[in-house]
There are 2 protein chains.
Amino acid sequence: MLGQFAASETHCHFRPHQFLAREDEQPDAIYRIDEGWACRYRVLPDGRRQITGLFLPGDICEPHWALGKRPSQPIVALTNVRATNLPSSPHGVLPAESQQACWKGLADMIERQTNWLVTLGRKTAIERLAHLLLELFERMRSSGLSYGQQCAMPLTQMEIADMTGLTPVHVNRTLQTMRQRGLVELQSKWLRIPDLAALRDAAALTSNEVLA
Amino acid sequence: MLGQFAASETHCHFRPHQFLAREDEQPDAIYRIDEGWACRYRVLPDGRRQITGLFLPGDICEPHWALGKRPSQPIVALTNVRATNLPSSPHGVLPAESQQACWKGLADMIERQTNWLVTLGRKTAIERLAHLLLELFERMRSSGLSYGQQCAMPLTQMEIADMTGLTPVHVNRTLQTMRQRGLVELQSKWLRIPDLAALRDAAALTSNEVLA
DNA sequence: CGCGGTGTTGACGCCGCTCAAAGTATGTGG
DNA sequence: CCACATACTTTGAGCGGCGTCAACACCGCG
């Protein structure tokens, strides 16, 4: 990394349910997640919640802040999180390397959001869960955090429900169906995918769809 | 279509159902819509379709192409469309002014996509339609294309269904309910909103949610 | 005048939601 | 190490919003 700038890198740490950013508050800096999972979400007036983005190790948290927006949604840690905030000069200008990382993160984020629009708009419960689990695995794998066919999966069924637009109860039942069909093994916060191709099939992806 | 020049603006024209861009094909340039509506979408293997973005007059079509991505989804004209493609040098570098417009468009697009994730994940049919119609009106208004409480609305019920993740039949029934409740007047491609506040309420937006 | 796209209506079925309760981890303090 | 609280997972019964299927009406257009 580079440490030769006025504002130097600083590491920070969050516990589960702790906020990395609150709505409409100017964040101190742009975070890169080094360890742990976080998400952003929105809550409707009557309490319904939808998670709109997941941040995994290596991800830049809200790269579009680099475009000068302030957070329109809160970001909260789902597990213990270690993060680094990208150094920036007083006027919010990032060093070239970080700038590049932001653009890359931005492009990936848009791609993933678009995929999720399709899933939330048109897919069944099994397809939604297959999409989610595949995406998690692929993202973990591309960060070197997978082990063979498995990886960590710290989300609760309630959090899965809030990502997939389902209820926790239905997530539970659907996961059981998928286990019975041999599509996934999921227990005690670990995910194993016996047959990647079968799960891709169950996710009803389009041929050129890349999740990582 | 048209032979494009390195650095000068060129205008082009599309008819309904004509493609502004196809999947995975490098587009000639980045378009700005001058008149008419277009959308991008994805079709699942079994034919289900989800529209993932709408482009209205003034919008830059796929600003994230400026990040160096090629289109992952087709873009098709919904009406007659006039567009201008932004001049760019051979290496894809945009003039500063266009660059600015792209970043602005990008930030707006992310914001809207996020809002739609919430709507598709968690909202009822009425709420979805209220969100859509409000967004359309606000976007048209901010471009000076509204007239009092009304604006053009060229979408078919089938297209509305593909945006909101519903079926055309249910869109039809839900619109009737909304008409009965005095939430909207919608006929022959024109939209009138008698009571903006009531429609906002029906859309179950969060207080700080801005749609334009 | 006929034809394809669109809007409308009805009957019926199912996927996923709601409500409720019991069972099982996880963690905390004594 | 146990007692207890809290969070999470699992299970059952019943229901409802939205989808499906199938007509029919309407309209612009060649």
Side-chain angles (χ1 to χ4, degrees), chain A residues 15-18 37 44 46-50 76-80 119-132 152-181 184-191 202 204, chain B residues 15-18 37 44 46-50 76-80 119-133 153-181 184-191 202 204:
Chain A
R15 326 204 110 263
H17 304 116
Q18 202 179 342
W37 294 23
L44 299 187
D46 64 356
R48 283 172 287 177
R49 183 173 90 136
Q50 177 67 39
V76 72
L78 296 168
T79 65
N80 282 312
T119 290
L120 293 178
R122 289 301 186 197
K123 293 191 187 173
T124 66
I126 286 196
E127 290 164 345
R128 292 175 195 216
L129 290 176
H131 177 178
L132 177 63
M153 221 303 284
L155 300 180
T156 67
Q157 292 184 359
M158 166 115 197
E159 287 157 352
I160 295 176
D162 284 343
M163 287 219 59
T164 53
L166 303 168
T167 55
V169 173
H170 199 60
V171 166
N172 184 293
R173 290 194 233 268
T174 306
L175 282 177
Q176 290 178 50
T177 305
M178 295 176 72
R179 281 191 273 247
Q180 284 169 17
R181 296 191 191 168
V184 294
E185 294 167 29
L186 185 53
Q187 51 190 322
S188 58
K189 308 302 179 194
W190 273 85
L191 166 66
Chain B
R15 324 203 112 265
H17 304 115
Q18 204 179 340
W37 294 22
L44 299 187
D46 65 355
R48 282 171 288 178
R49 184 173 89 135
Q50 177 67 38
V76 72
L78 296 168
T79 66
N80 281 311
T119 290
L120 293 178
R122 289 301 185 196
K123 293 191 188 174
T124 67
I126 286 196
E127 289 164 344
R128 291 176 194 216
L129 290 176
H131 175 178
L132 177 63
L133 297 177
M153 220 303 283
L155 300 180
T156 67
Q157 292 184 357
M158 165 116 198
E159 286 156 354
I160 295 176
D162 284 343
M163 287 219 59
T164 53
L166 302 167
T167 57
V169 174
H170 199 62
V171 166
N172 184 295
R173 289 194 234 269
T174 306
L175 282 177
Q176 290 179 50
T177 305
M178 295 176 73
R179 280 190 274 247
Q180 284 169 17
R181 297 190 191 169
V184 294
E185 294 167 29
L186 184 54
Q187 49 190 319
S188 58
K189 307 304 181 193
W190 274 86
L191 166 65

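Just so it is clear: chains get the letters A, B, ... in the order the sequence lines come, proteins before strands, and each one is counted from 1. Heavy-atom basis, side chains included; hydrogens, waters and symmetry copies ignored.
For the pair B:K189 NZ and D:dG28 C1', the interatomic distance rounds to 12 Å; values are reported in whole Å. Distance CE (B:M158) to P (D:dC27): 22 Å, rounded to an integer number of Å.
Between the side chain of A:R173 and the base of D:dG12, a donor-acceptor pair under 3.5 Å is found.
Ranking C:dG16, D:dG12, C:dT8 by closeness to the B:Q176 side chain, first place goes to C:dT8. Checked against C:dT8, D:dC18, C:dG16, the side chain of B:L166 finds its nearest nucleotide in D:dC18. For B:T156, taking side-chain heavy atoms from C-beta onward, the closest of the listed nucleotides D:dC18, D:dT20, C:dT6 is C:dT6.
The side chain of B:N172 places no N or O atom within less than 4.0 Å of a non-bridging phosphate oxygen (OP1 or OP2) of C:dG7. The side chain of B:Q157 places an N or O atom within less than 4.0 Å of a non-bridging phosphate oxygen (OP1 or OP2) of C:dT8. OP1 and OP2 of C:dC15 both lie 4.0 Å or more from every side-chain N or O belonging to A:R128. Put simply, A:T167 has a side-chain N or O that comes within less than 4.0 Å of OP1 or OP2 on C:dC17.
Here the closest heavy-atom approach between residue B:L120 and residue B:M163 is recorded as CD2-O, 3.9 Å.
Mapped onto DNA chain C by nearest heavy atom, B:V169 and A:V169 fall at different nucleotides, with B:V169 at the one closer to the 5' end.
Residue-level contact check: B:T124 touches the backbone only, with heavy atoms under 4.0 Å from sugar-phosphate atoms and none from bases.
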